[in-house]
Structure formats: structure tokens, C-alpha cells
2 protein chains.
Amino acid sequence: MGPEVWAVVRASSVKDVAALAGVSLGTVSNVLNRPDRVSPATRSRVEDAMRELGFVRNESARQLRAGHSRTLAYVLLDARNPFFTDVAEGAERAAEAAGLSLFLCHSDNRASREGDYLAHLVEQRVQGILVTPVDPHATVLDDVRRNGTPLVIVDRTRDDGAFCSVAVDDVLGGRLAVEHLVERGHTRVAFIGGPDTIGQVRDRLEGARAAWADAGLPDDQLTVVPTDGLTVVEGRSAGERLMGIGTRRRPTAAFCANDLLALGLLQQLSTSGATVPGDLAIVGYDDIEYAAAAAVPLTSVRQPRQELGRRAAELVLDEATNPDHVHEQLVFTPELVARRSTFS
Amino acid sequence: MGPEVWAVVRASSVKDVAALAGVSLGTVSNVLNRPDRVSPATRSRVEDAMRELGFVRNESARQLRAGHSRTLAYVLLDARNPFFTDVAEGAERAAEAAGLSLFLCHSDNRASREGDYLAHLVEQRVQGILVTPVDPHATVLDDVRRNGTPLVIVDRTRDDGAFCSVAVDDVLGGRLAVEHLVERGHTRVAFIGGPDTIGQVRDRLEGARAAWADAGLPDDQLTVVPTDGLTVVEGRSAGERLMGIGTRRRPTAAFCANDLLALGLLQQLSTSGATVPGDLAIVGYDDIEYAAAAAVPLTSVRQPRQELGRRAAELVLDEATNPDHVHEQLVFTPELVARRSTFS
DNA sequence: TTGTATGCGTTATCAA
DNA sequence: TTGATAACGCATACAA
């Protein structure tokens, strides 16, 4: 009979370890949590027993007793959008630094799934939740708060100050994009984005319009091309509609509400033989990795994505551990990164 | 004094609910778990108390008592690669169907982070773990098994049959790609991919070589262009090297080990003014959404990504619940999707 | 330095 | 139909 041929019937507990090592249960616990308080001899005896049994601490029991968990979670809208995975990466690093694990939950833009995840996380009593919600005003968020789980809203805001949040000044971002296009001499510009239930989309358009008005350009030369979402496919479809406009009235530049739209638009244009920026200049938003690496490198509005995630994690930890915590709404400043898609 | 102005001091427990409703603790538990065994009158009284206190079941305690959790986890290599998020989506749906939650853990290709997550998940006693490991032969995986947590390897395989796994026949995939290029008349082809520590890369190259040999073409006309990873950036760099070869000896087609490489290559070519497929035909691998939507739609080898995730989740659940479970190594068949990048 | 005892919140068994 | 009680595995206060 070789070693370890028996099946695992039940995971071993501190009790099993104590029995095998010939010590008490409390001593095993001390080896685990305050190894300094136990003599080297017994400690190694206990550690041998742990190894032999393949002992793994039961986190449920630990958490029940300790009263707090060692995990954070980020509930995100779209795992395929590099913007969110970059935010997640920033949060992940902050969590790692604090000795916590970060679990990602993909709501896929569906309120029901978001609600299920939130409920589960509250039941799990995680240390804190980061969430980019489908709707920042939905009451599910208040329910989480009511149950005492710290929650930070990421990349969205709420006017009532009920939560910490981290976001970027999207009105300013929209302004930067359009100011850039105006400087480049464009007098007919399209704004591509939607649906306008998304606050970001509204804000970026608002900033765009403000810059447009400031430049003294007429309202009807800023065309809005609505989309049903912020995806590559929607960008291609918007491109078709845009190129359907007669050349005389067609905008000479487009400001897209995010980079995925811009990439879709870019692809549609090169399929139909149009050139960028010759036939159409393009400004995107988010400055995702693919923006710089696109066939025509994309001018884009950069957001400090990792920073967003990092600060969100820090805020949620502060809320979890600091009794004097007060909610903060952080607003970061975006930055325009000019590339070939707006330079002929 | 308005309602709910008091701070949350401690989440309420069944005990609190019982006290407020004027019933025993066991009755509250019955309302939670076997509502039929309690009279409508007391049930609604208990439910009112729950609402008033904002009671939420403590999952740690539930799990400690019940002995099993309600969560699955998928530890993935690269959250930015749509391949993995599609696999995750398939797993998510299977989990949802089984009434479980799926947590995503991003190892970011780092063995240490993978190990941390795995250890944490085992401590949490999750129902099962799906993992696309940095190294399928690493002993961390065996440690998980030893501790009794079901584990399924995704998109990788191990020869020893110690785990369930779901994967795609990559040798066949490589063969399909090169057979296609040979049919299109190419006699100088580049294989772009690396590092060859990745089993996939080796397999796809092996299939490519087999097809090449079967076609009776000379070894030295299948050039290997090694890369340090499977990313867009690496694809661009490979493109530069490829275009540095004199036109007389330069391959007329490239088979990339994944679509991100192919997209990077495509971008590099259009930057340098080369045309696809005129100057270089391209075949990618994975058929991610962006492949079809690229500036030149990409011929690619499609893998059943969601199916992979779905079956992996089913296998891990079988291992978790079926005492007669036997390990299975599922191998799916890839399929070539021909698009413009190989048709002039 | 080590052992003993208690309780975290829940579920389930059993008795009333 | 409802109530009392034990147990899950662990960490800690306290006693030895």
C-alpha cells in the first residue's frame, strides 16, 4: 500500500491536527494565529501534523468567529471592456497590498444578475463591495448599505452622497474632446453614443455641447448619432449611418462616447474605403490599450483607470475599518491623448 | 426623529428576529428553510420582523453548518482576452442554472497570484474550482485536490488524468489553419507565436508542421517567428520582424497562435502600408468577436468557448455531488472560419 | 508555554 | 405547529 491511497472523506480540522500532534486544540490555533506564543518544539510537531493531514483552515468558521472576512468584490458591468478590467486590476493591487482577495462578479449589464451577486456578497459578509451598477440610483445599493456592508460606486455617481464613489469628470472629458476638434478646424462634428440612460453618455455630450457653444459654432452642426450601447458592433453600425449622409452635410469629425465605439467606427470606415483622419477624424474615450494599437492610432480621452480601482478599494477598506469614516466622492480629471486619428 | 437614523452596529441574527417576533430561534430557521412547516400567522410575523431588522442570512454560519457552499470560482489567466471572458460567460450560465454564484479570479498569468487565489478558495470551501493554470503540471493543483475541493482544468490538459479537463484539439486546429493556407496556394508561411512553454502554442505549431509535411512542402519554408506572449503588442512586434525580411524570402501568409497576435500583426501591416491579404494573408486563432470585426475580417480557428465553460462547470458540479464521479478529459473540435484576411 | 471552555449564527433533531 | 438543544470549526479569554 503506497502513501495517500485513501479517499478524502472529510477535510481535517484543528481537532484532528491536535489529536495527531498530541496537543490541545488551542495550541493548534496558536500555531496558526500567534506562532510566537508556542515553543519551537511543539510548533514543529503541530506543523508536521498539519502537513501530514493536509490541513486547511476552514474560512467559514474562522470568519464566523472573527466576525470579518478577508475578501473584497468588484461587481462590474462588462468583463469584455478593457476599461473595467483595468479598473479591476487597480483594485486587485490595492486588495493584495491589504492582504485581501478580490473576487470579480460579472453582471453583464443585467440588473437581475447584479442583484443576485450583491445579495450573495452581503450574505457572505465580504469586507466591502465595489460596484459599477446598472443604475446607480437603484434601491439594491441602499439595501446593501442597510445591511452594513461597505459599498463604493465606481465610475458612476449619485447626487445624494449616500455612498463613496470614484468617477471621472465626464463633462470635462467631453469638453476636451470637442475643444481639440475645434482647434483642428472642424466645424461639423458628430457625437456618437448612447443610450442616454447612461450618465456618462449624457455628461460627455453635455461637455461636448458646452465646448461647441463656447466656440460660437451653430447647434445644428453638432450632430448626435445615437447608439444602443457602447460596443464595437454599435460603432460599426453608427459608421454606416454616418457615411450614409451626403458628403456636403456629413461631419468631418466624430467624437465617440467610448473607444469600443471608435474602434467599430474605424473598422467600418476602412471597410468602406474611407480614410482616417482624411475623410473623418475620430476621438474616442477611455484610452484603452487597443486605442493606441489600432490601425490608425486613436486620439482618446484618458481616464486614470487603475487609479480609479485603487482608490475605490482604499475607500471601501476605510469604510470597513475606520469608525470615523466619512463618505467621499472622488472625481478624477481626464486628459486628452492626441494621436493620428485627428492629425492629417 | 425620522426612521432609520441609527447606525448599523451589528448585523441582526436569527436570534434578534426571534426576539422581535416573539418566537423561538428554530421557528425563524423554519421560516427560512421550510416555510411550509410554519403557520401562516407566525410566518408573516417573522417575515415582518426580518424586514424591520433588515435581516440577512449569514452565509458563513450557514455554510459551516451545512458543510457546503453555494459558489463556484474560475481562476483565469487574462481577463483582457475575450477568449477567457467568453469561457467565463459559459460557466456563469451553468452556475446560474444550478443556483450557484460564480466568482472570477484574475491570476494575470502570475503563478503566485494563482496560488494565493487557489489557497483562499480552498479555505472558503467553494463547491468547485475551474482554472486555466499558468502551468497545468504545477503541484498547487494537486494540493487543491488533496484538500478535497473539486477542480477542473480549462483550456489546458494534463497527461496523468488526475483531473477533469476541457480543452480543444489544438493540433487539429493548427492543421486546419495550415491546410487552408496551402489550399490557397501559399508555399512560404510563417507561424507566429510563443513562448513555447504554453502547450497550446506547441500543439498548434505541431499541427501546422504536420499539415505542411503532408502537403509535401519543404521544412524551411515554414518559418517560426517566436513571441514572448499572446498579445496585441507582441503581434505588432512580430509584424515588424516579418516585414524586415526581404520580399523574395518573405512568407506570403502567417498563421498566428491567437487572434490578439493576429490583430496586432494586422495593425502593424496597415501602419506600414502593406495590404492584407495581398502582401500577407493572415489566419488567427480563437475567433474572438474582434476577429470578425477587424479592419480586414480575420480568418480564424473557432473554439466553442462558451461550451467549454459550460461543460467545465458541469463537470466540477458532478465531481462535487456525484459519488460515482469519474474524471473526464473532454476534447472539443475546432473549426476554421474563413474570412477576407485569406481571400484576395 | 499549554490546556479548557465558551460562543460566533446557523441548521437539524428531537421533544413538547 | 413550535421550542429547546447540539453541533459545525475556529479563535480567544482565562486558567493552569
Side-chain angles (χ1 to χ4, degrees), chain A residues 8-47 49-50 53-70 120 122-127 147-149, chain B residues 8-47 49-50 53-70 120 122-127 147-149:
Chain A
V8 173
V9 173
R10 180 180 62 85
S12 46
S13 71
V14 281
K15 203 190 293 183
D16 303 318
V17 174
L20 182 60
V23 298
S24 85
L25 198 150
T27 300
V28 176
S29 183
N30 279 334
V31 170
L32 246 26
N33 303 298
R34 307 119 108 181
D36 44 307
R37 293 199 186 172
V38 52
S39 79
T42 55
R43 181 183 345 163
S44 73
R45 200 143 44 86
V46 169
E47 285 168 345
M50 286 184 178
L53 293 173
F55 170 80
V56 175
R57 180 213 262 108
N58 182 323
E59 175 67 18
S60 296
R62 202 221 106 256
Q63 182 177 329
L64 177 59
R65 177 63 227 248
H68 61 89
S69 91
R70 310 213 49 87
H120 193 158
V122 171
E123 289 191 353
Q124 296 250 68
R125 302 288 195 273
V126 295
Q127 277 245 339
N147 292 315
T149 303
Chain B
V8 173
V9 173
R10 180 181 62 83
S12 47
S13 71
V14 280
K15 204 191 292 182
D16 303 318
V17 174
L20 181 60
V23 298
S24 84
L25 198 152
T27 301
V28 177
S29 179
N30 279 335
V31 170
L32 246 26
N33 303 298
R34 307 118 106 180
D36 45 306
R37 292 198 188 173
V38 51
S39 79
T42 56
R43 182 184 343 166
S44 74
R45 200 144 43 85
V46 169
E47 284 168 346
M50 286 184 177
L53 293 172
F55 169 80
V56 176
R57 182 211 261 106
N58 183 322
E59 175 67 17
S60 296
R62 201 219 106 255
Q63 183 177 329
L64 177 59
R65 179 62 229 243
H68 61 89
S69 89
R70 309 213 52 85
H120 194 161
V122 171
E123 290 190 354
Q124 297 249 68
R125 302 288 195 273
V126 294
Q127 276 245 339
N147 292 315
T149 303

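The sequence lines fix the lettering, A, B, ..., with proteins before strands; numbering per chain opens at 1.
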In whole angstrom, what separates A/Asn58's CG from C/dT10's P? 16 Å
Checking all strands, does A/Thr42 fall into the base, sugar-phosphate, or nothing category for heavy-atom contacts under 4.0 angstrom? sugar-phosphate
Name the residue closer to the 5' end of DNA chain D, choosing between A/Leu25 and B/Thr27 according to the nucleotide with the nearest heavy atom. B/Thr27
I'd like the 5' and 3' limits of the part of DNA chain D contacted by chain A, with heavy-atom contacts below 4.0 Å. D/dG9 to D/dT12
Over all strands shown, is A/Arg65 touching base, sugar-phosphate only, or nothing at heavy-atom distances under 4.0 angstrom? base
How about B/Leu20 and B/Phe55: do any of their side-chain heavy atoms sit closer than 4.5 Å? no
Using whole Å, report how far CG of B/Asn30 lies from P of C/dC14. 15 Å
Could you pick out which residue, B/Arg34 or B/Ala61, lies toward the 5' side of DNA chain C when each is mapped onto its nearest nucleotide? B/Ala61
Could you tell me whether the side chains of A/Ser69 and A/Gln127 share a donor-acceptor contact shorter than 3.5 Å? no
Between the CG atom in A/Asn33 and the CZ atom in A/Arg57, the distance rounded to the nearest 0.5 Å is 5.5 Å
Which heavy atom of B/Thr149 sits nearest to which heavy atom of B/Val126, and what is that distance? CG2-O, 3.8 Å
Pick base, sugar-phosphate or nothing for B/Ser29, based on heavy-atom distances below 4.0 Å to the nucleic acid. base
How long is the gap from CD on B/Glu59 to OG on A/Ser60, to the nearest 0.5 Å? 7.5 Å
Nearest-nucleotide 5' precedence on DNA chain D, B/Leu64 against B/Arg45: B/Arg45
To the nearest 0.5 angstrom, please state how far the CD atom of B/Gln63 sits from the CD atom of A/Glu123. 11.5 Å
Indicate the atoms forming the closest heavy-atom contact of A/Val31 with A/Glu47, along with that distance. CG1-CG, 4.2 Å
Does B/Asn33 put a side-chain nitrogen or oxygen below 4.0 Å from OP1 or OP2 of C/dT11? yes
When all nucleic acid strands are considered with a 4.0 Å heavy-atom cut-off, which category describes A/Arg37: base, sugar-phosphate, or nothing? base
For the residue pair B/Ala21 and B/Ala49, what are the closest heavy atoms and their distance? CB-CB, 3.9 Å
Candidate nucleotides C/dT11, C/dC8, C/dT4, ranked by approach to the side chain of B/Arg62 - the nearest: C/dT11
Would you name the heavy atoms of A/Ala41 and A/Ser44 that are closest together and state the gap between them? O-OG, 3.0 Å
Contact class for A/Val28 (heavy atom, under 4.0 Å): base, sugar-phosphate, or nothing? nothing
Rounded to the nearest 0.5 Å, what separates atom CD in A/Gln124 from atom CZ in B/Arg62? 9.5 Å
Length of the CD-P vector between B/Glu59 and C/dT11, whole Å: 9 Å
Among residues 14-22 of chain A, which contact DNA chain C at a heavy-atom distance under 4.0 Å? none
How many whole angstroms separate atom CD of A/Gln124 from atom P of C/dG9? 16 Å
Which heavy atom of A/Lys15 sits nearest to which heavy atom of A/Leu25, and what is that distance? CG-CD1, 4.4 Å
Using every non-hydrogen atom in the two residues, find where B/Gly54 and A/Asn147 come nearest and quote the distance to one decimal. O-OD1, 2.6 Å
Taking the axis from the first five pairs and the axis from the last five, what angle separates them in the helix from C/dT1-D/dA16 to C/dA16-D/dT1, rounded to 10 degrees? 40°
